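Here is the structure we will look at.
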There are 2 protein chains.
Amino acid sequence: MNEVFKALSDPTRRRILELLKEGNRSAGQIAEAFPIGKPAVSHHLALLKAADLVQSEREGQSIIYSLNTTVFQELLSWVYKLRGTEAEPGNAFGGTHETR
Amino acid sequence: MNEVFKALSDPTRRRILELLKEGNRSAGQIAEAFPIGKPAVSHHLALLKAADLVQSEREGQSIIYSLNTTVFQELLSWVYKLRGTEAEPGNAFGGTHETR
DNA sequence: TTGTTATTTTGATGTTTGTCGAAATATCGA
DNA sequence: TCGATATTTCGACAAACATCAAAATAACAA
């Protein structure tokens, strides 16, 4: 979980996630969207992958990155615990464990 | 918002938040709960305060810290946007804007 | 195999960060 | 005011981090 928060602490990495939200992208396409070099982006992607926030799959010469939304649930749980009100919905219909 | 993520990227600061969830504490009480010195804890508290994650109020010689849960809502919104399913509940009864 | 494209790894550099001890600031009680 | 307690600020330092240019790796095409 520490890796997740560390990964989210950098603005570039958060914008990479927001970009991947729009659709899967190759490492090169992601790099083009930022004013930093490809090695730097590659490094950010490695950190995001280590945190399990993204997945990667080779497709020919390219490597396609995509969001891995499963980890976001853990993140949400952590925030909910702090906030006190234990809503923590898994979907739009209500909580997974109501607290009353 | 960047300050929030930066603040959450350190394990000690996250544990401070979890400690304050149990109840308000003075800076000294917080420092006692961690194996690092008081100046370090004071620094962490300053970052948490700059991120608006905690509030502080002087009470005699002590300064009492408490959670400021309002910022967590922004944090939740950010995660929800990424996750795709726009549930984003403000309470236990459902979303603030259903997406269908 | 040779050359081209896509991506990562390496080595180096400047910046930021977490921590410390010591000093400074603030409040209270005698 | 003086002394004790509580907290923060200062100055310094080592570790971690983001970035770069250059080299290395991997897949494809000719």
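Just so it is clear: chains get the letters A, B, ... in the order the sequence lines come, proteins before strands, and each one is counted from 1. No experiment lies behind these values; they were computed from the predicted model shown.
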Output the rounded distance in Å from [atom1] ([X]) to [atom2] ([N]).
X	N	atom1	atom2	result
Lys49(B)	dT8(D)	NZ	C1'	11 Å
Glu3(A)	dC17(D)	CD	P	11 Å
Ile64(B)	dT5(D)	CD1	C1'	14 Å
Leu47(A)	dA18(D)	CG	C1'	10 Å
Ile16(A)	dT7(C)	CD1	P	13 Å
Phe34(A)	dC20(D)	CZ	C1'	18 Å

Exercise. Quick one: bend of the helix from dT1(C)-dA30(D) to dA30(C)-dT1(D) from 5 pairs per end, to 10°?
Worked result: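 Between the first-five-pair axis and the last-five-pair axis there is 20°.
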For this session: Ignoring backbone atoms, establish whether Ser26(A) has a side-chain N or O less than 4.0 Å from OP1 or OP2 of dA6(C).
Result: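 Looking at the OP1 and OP2 atoms of dA6(C), neither is under 4.0 Å from any side-chain N or O of Ser26(A).
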For this session: Would you tell me if any nitrogen or oxygen in the side chain of His44(A) comes within less than 4.0 Å of OP1 or OP2 on dC17(D)?
Result: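 No, outside the criterion.
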Contacts under 3.5 angstrom, residues 42-53 of chain A side chains, donor-acceptor by atom type, not counting sequence neighbours:
from: His44(A); atom 1: ND1; to: Arg13(A); atom 2: NH1; distance (Å): 3.0
from: Lys49(A); atom 1: NZ; to: Ser56(A); atom 2: OG; distance (Å): 2.6

Exercise. Are Val41(A) and Lys38(A) close enough that some pair of their side-chain heavy atoms sits under 4.5 Å apart?
Worked result: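 In short, these two side chains do not touch, never coming nearer than 4.5 Å.
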Problem set entry | Validation row: Leu75(B), Leu75(A) side chains within 4.5 angstrom (heavy atoms) |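 Not in contact.
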Does [X] have any side chain to side chain contact (heavy atoms under 4.5 Å, CB included) partners at least two apart in sequence or in another chain, and if so, which?
X	answer
Glu74(A)	Met1(A)
Leu20(B)	Ile16(B), Arg25(B), Ile30(B), Val54(B), Tyr65(B), Leu67(B)
Glu32(B)	none
Arg15(B)	Thr12(B), Glu18(B), Phe34(B)

For this session: Heavy atoms only: give me the nearest Lys21(A)-Lys81(B) pair and the separation to one decimal.
Result: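 Nearest heavy atoms, Lys21(A) then Lys81(B): CE-O, 2.7 Å.
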Problem set entry | Shortest non-hydrogen contact from Ser9(B) toward Asn2(A) |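 For Ser9(B) and Asn2(A), the tightest heavy-atom pair comes out as O-OD1, 3.9 Å.
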For this session: At under 4.0 Å between heavy atoms, which parts of nucleotides 8-15 of chain C does protein reach? Answer with one letter per nucleotide, 5' to 3': B base, S sugar-phosphate only, - none.
Result: BB------
Problem set entry | Partners meeting side chain to side chain donor-acceptor pair (under 3.5 Å) with Thr69(B) (sequence neighbours left out) |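 Result, side chain to side chain donor-acceptor pair (under 3.5 Å) vs Thr69(B): none returned.
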For this session: Please name all residues satisfying side chain to side chain donor-acceptor pair (under 3.5 Å) with Asn24(A), sequence neighbours left out, ordered by chain then number.
Result: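 Once residues adjacent in sequence are excluded, Asn24(A) has no partner under the side chain to side chain donor-acceptor pair (under 3.5 Å) criterion.
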Problem set entry | Positions of residues 4-15 of chain B (non-hydrogen atom under 4.0 Å from DNA chain D), listed by number |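 Of all residues in residues 4-15 of chain B, none places a heavy atom under 4.0 Å from DNA chain D.
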What N/O pairs connect the protein and nucleotides 27-30 of chain C at under 3.5 Å? Give each pair on its own line.
from: dT27(C); atom 1: O3'; to: Gly60(B); atom 2: O; distance (Å): 3.4

Exercise. With sequence neighbours left out, what residues match Phe5(A) under ring pair (Phe, Tyr, Trp, His ring centres under 6.0 Å)?
Worked result: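 Phe5(A): ring pair (Phe, Tyr, Trp, His ring centres under 6.0 Å) contacts with Trp78(A).
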Exercise. Transitively linked via ILVMFWY side-chain contacts under 4.5 Å: Ile64(A) with Leu19(A)?
Worked result: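 No, it is not one cluster - the side chains of Ile64(A) and Leu19(A) are not joined through contacts under 4.5 Å.
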